[in-house]
Colleague: 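Following this message is one structure expressed as structure tokens.
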Amino acid sequence: MEKRYRVLGSLAGLLLTGLTFADSPSPRTPLLVNKPITPAWAPLWDWEQPYSFDFQHRAIESLTGVRGVGSCCAEGVTHDGYALHLCFAPGTPPEYVEYISRLIFGDFLPAYNAGTRWSSTSYGSTGSRGNPIRLRWSFVPDGVQLPGLSGGSAPSNLFSSMNSKFGGNTTLWQNQFRNSFARWQQVAGVRYEEVSDDGAAFPNSGGSATAPRGDVRIGARNLDGANGVLAFNYFPNTGDMVLDSSESWQSSGGT
Ligand SMILES: [Zn+2]
């Protein structure tokens, strides 16, 4: 199999770097955080196509205002055999570059599964590996039977449990998901679109234009009580998620 570097790797590196900046006392500006895609459902950008590294470095500089992109990169091969190029912000501490590189390149438990990708979505074939893709996502209505950790199904209680935790403010908890998807599409070659969910059987009911439900469907039920497993997710092309409704997803202030 031909091994080639992928834009996804560089963008994953950017994401990780950006998150670290956001959590760090460093005064450096988080990458991309002030660069929202407007409108959210924007066309896929040319720079997301896998051109040369130099092209991508310059594109990232242009997009973020960060100079010197390309001076702090790492390369390696994932546990499943894919060569990746990770672009960190210039000046990223070498121990952090080392830590992330080991996570992705397999010195620790495999943390990056490059082989299990979306090959088909409700939009159809995703084309070649490394190309940007589009995904729909949805909240599963309460009552849809969801699998648990060890067989047996239970009705989803996403809405009732989250409403209880968030003071009856549905928009408040739903926006946490929307913000997450918005952030992902800022830093990865994926565009997300929220759609309604018709409550079809879960999982393995891929969305389509005529049967509104997401490629990624999110439901909740008790999994193992508080703590332990927080959620599980099916790999693509299923992609659905079950959250543990027994967790305290809200903050102490109910926000
Ligand atoms: Zn790079």
Colleague: Given the rule in the ring pair (Phe, Tyr, Trp, His ring centres under 6.0 Å) test, do Phe181 and Trp137 qualify, once you have shown the distances and angles that lead to the verdict?
Modeller: CA-CA 9 Å; Phe181 284 112; Trp137 67 278; 4.3 Å; yes

Colleague: Kindly indicate whether a cation-pi arrangement holds for Arg136 with Tyr123, taking the cut-offs as under 6.0 Å to the six-membered ring centre and within 45° of the axis.
Modeller: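 So Arg136 does make the cation-pi contact.
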
Colleague: Under 3.5 Å, is there a donor-acceptor pair between the side chain of Ser138 and the main chain of Gly214?
Modeller: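 Flag set: sc Ser138 to bb Gly214 pair under 3.5 Å.
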
Colleague: Can you list everything that forms a side-chain hydrogen bond (donor to acceptor under 3.5 Å, both in side chains) with Gln174? Sequence neighbours excluded, please.
Modeller: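 Result, side-chain hydrogen bond (donor to acceptor under 3.5 Å, both in side chains) vs Gln174: Arg178.
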
Colleague: Output all residues satisfying side-chain contact (heavy atoms from CB on, under 4.5 Å) with Pro155, sequence neighbours left out; order by chain, then residue number.
Modeller: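 Pro155 satisfies side-chain contact (heavy atoms from CB on, under 4.5 Å) with Gln145 only.
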
Colleague: Keeping the roles fixed (side chain from Trp184, backbone from Asn179), state whether a donor-acceptor pair exists under 3.5 Å.
Modeller: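 A pair under 3.5 Å: no.
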
Colleague: Which class fits the ring pair Phe88 and Tyr96: parallel under 30°, tilted 30 to 60°, perpendicular over 60°?
Modeller: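 Rings of Phe88 and Tyr96: perpendicular, as their planes differ by over 60°.
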
Colleague: Judged by atom type as modelled, is there a donor-acceptor pair below 3.5 Å linking the side chain of Asp240 to the main-chain atoms of Arg217?
Modeller: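 Yes: the side chain of Asp240 pairs with the backbone of Arg217.
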
Colleague: Could you list the residues that satisfy side-chain contact (heavy atoms from CB on, under 4.5 Å) with Leu149, not counting sequence neighbours?
Modeller: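 With sequence neighbours excluded, Leu149 shows a side-chain contact (heavy atoms from CB on, under 4.5 Å) to Leu223, Asp224, Val229, Phe232, given in chain and number order.
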
Colleague: Do the non-hydrogen side-chain atoms of Cys73 and Cys87 ever get within less than 4.5 Å of each other?
Modeller: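 Side-chain contact under 4.5 Å: yes.
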
Colleague: Do you know which two heavy atoms are closest between Ser71 and Gly68, and how far apart they sit?
Modeller: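 In terms of heavy atoms, the two residues are closest at OG-O, 2.8 Å.
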
Colleague: For Leu243 and Ala231, which heavy atoms make the closest approach, and how far apart are they?
Modeller: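 Smallest heavy-atom distance, with atoms named: CD2-CB, 3.7 Å.
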
Colleague: Nearest 0.5 Å, please: how far is CG in Asp215 from CD in Glu193?
Modeller: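 These two atoms lie 10.0 Å from each other.
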
Colleague: Would a hydrophobic clustering, with Ile, Leu, Val, Met, Phe, Trp and Tyr connected at side-chain separations under 4.5 Å, put Ile218 with Leu230?
Modeller: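 Yes.
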
Colleague: Compare every heavy atom of Asn227 with every heavy atom of Glu247, then report the nearest pair and how far apart it is.
Modeller: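 Closest pair (atom of Glu247, atom of Asn227, distance): OE1-N, 2.8 Å.
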
Colleague: Could you pull out all residues at least two apart from Phe159 that satisfy ring-ring contact (aromatic ring centres under 6.0 Å, His included)?
Modeller: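 For Phe159, the residues satisfying ring-ring contact (aromatic ring centres under 6.0 Å, His included) (neighbours in sequence not counted) are Trp173.
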
Colleague: Do Trp249 and Gln176 have side-chain heavy atoms sitting under 4.5 Å apart?
Modeller: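 No. Closest side-chain heavy atoms not under 4.5 Å.
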
Colleague: Any side-chain donor-acceptor pair under 3.5 Å between Ser245 and Asn222?
Modeller: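 Note: Ser245 and Asn222 side chains miss the donor-acceptor criterion.
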
Colleague: Looking at Val97 and Ala74, what are the two nearest heavy atoms and their distance?
Modeller: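 The answer is CG1-CB, 4.0 Å.
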
Colleague: If the condition is side-chain hydrogen bond (donor to acceptor under 3.5 Å, both in side chains), which residues does Asp54 pass it with, not counting sequence neighbours?
Modeller: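 Residues passing side-chain hydrogen bond (donor to acceptor under 3.5 Å, both in side chains) with Asp54: Arg58.
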
Colleague: Of all residues at least two apart in sequence or in a different chain, which pass the side-chain hydrogen bond (donor to acceptor under 3.5 Å, both in side chains) check with Ser160?
Modeller: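 side-chain hydrogen bond (donor to acceptor under 3.5 Å, both in side chains) list for Ser160, sorted by chain: Asp142.
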
Colleague: Set out, in order, the CA-CA distance, both residues' side-chain angles and the distance that settles side-chain contact (heavy atoms from CB on, under 4.5 Å) for Phe177 and Asn175, then state yes or no.
Modeller: CA-CA 5 Å; Phe177 291 89; Asn175 279 350; over 6 Å; no

Colleague: For a 4.5 angstrom cut-off between non-hydrogen side-chain atoms, does Ile133 reach Arg191?
Modeller: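 A side-chain contact under 4.5 Å is absent here.
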
Colleague: Would you check if there is a donor-acceptor pair between the side chains of Ser156 and Arg221 at a distance under 3.5 Å?
Modeller: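 Looking only at side-chain atoms, Ser156 and Arg221 do not form any donor-acceptor pair under 3.5 Å.
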
Colleague: Using a 3.5 Å distance criterion without hydrogens, assess whether the side chain of Asn169 forms a donor-acceptor pair with backbone atoms of Asn163.
Modeller: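 Answer holds: no.
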
Colleague: Please name all residues satisfying side-chain contact (heavy atoms from CB on, under 4.5 Å) with Pro236, sequence neighbours left out, ordered by chain then number.
Modeller: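 Checked Pro236 against side-chain contact (heavy atoms from CB on, under 4.5 Å); matches are Thr116, Trp118.
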
Colleague: Rounded to the nearest 0.5 Å, what's the gap from CE on Met241 to OG1 on Thr238? Could you check?
Modeller: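 So the gap between those two atoms works out to 13.5 Å.
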
Colleague: Can you tell me which residue pairs pass the salt bridge (Lys or Arg N to Asp or Glu O under 4.0 Å) test with a partner in residues 63-73, sequence neighbours excluded?
Modeller: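 For residues 63-73: Glu61-Arg67.
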
Colleague: Considering all heavy atoms of both residues, which atom of Asp197 and which atom of Gly199 are nearest to each other, and what is their separation?
Modeller: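 That closest heavy-atom pairing would be OD1-N, 2.8 Å.
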
Colleague: Can you list the residues that meet the side-chain hydrogen bond (donor to acceptor under 3.5 Å, both in side chains) rule with Asp198, with sequence neighbours excluded?
Modeller: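 Residues passing side-chain hydrogen bond (donor to acceptor under 3.5 Å, both in side chains) with Asp198: Arg213.
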
Colleague: Mind checking side-chain contact (heavy atoms from CB on, under 4.5 Å) for Val144 and listing every partner two or more places apart, or none if nothing turns up?
Modeller: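 Here the qualifying residues are Val140, Pro141, Leu146, Phe202.
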
Colleague: What I want to check is whether the side chains of Asn237 and Thr121 have a donor and an acceptor closer together than 3.5 Å.
Modeller: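 Note: Asn237 and Thr121 side chains miss the donor-acceptor criterion.
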
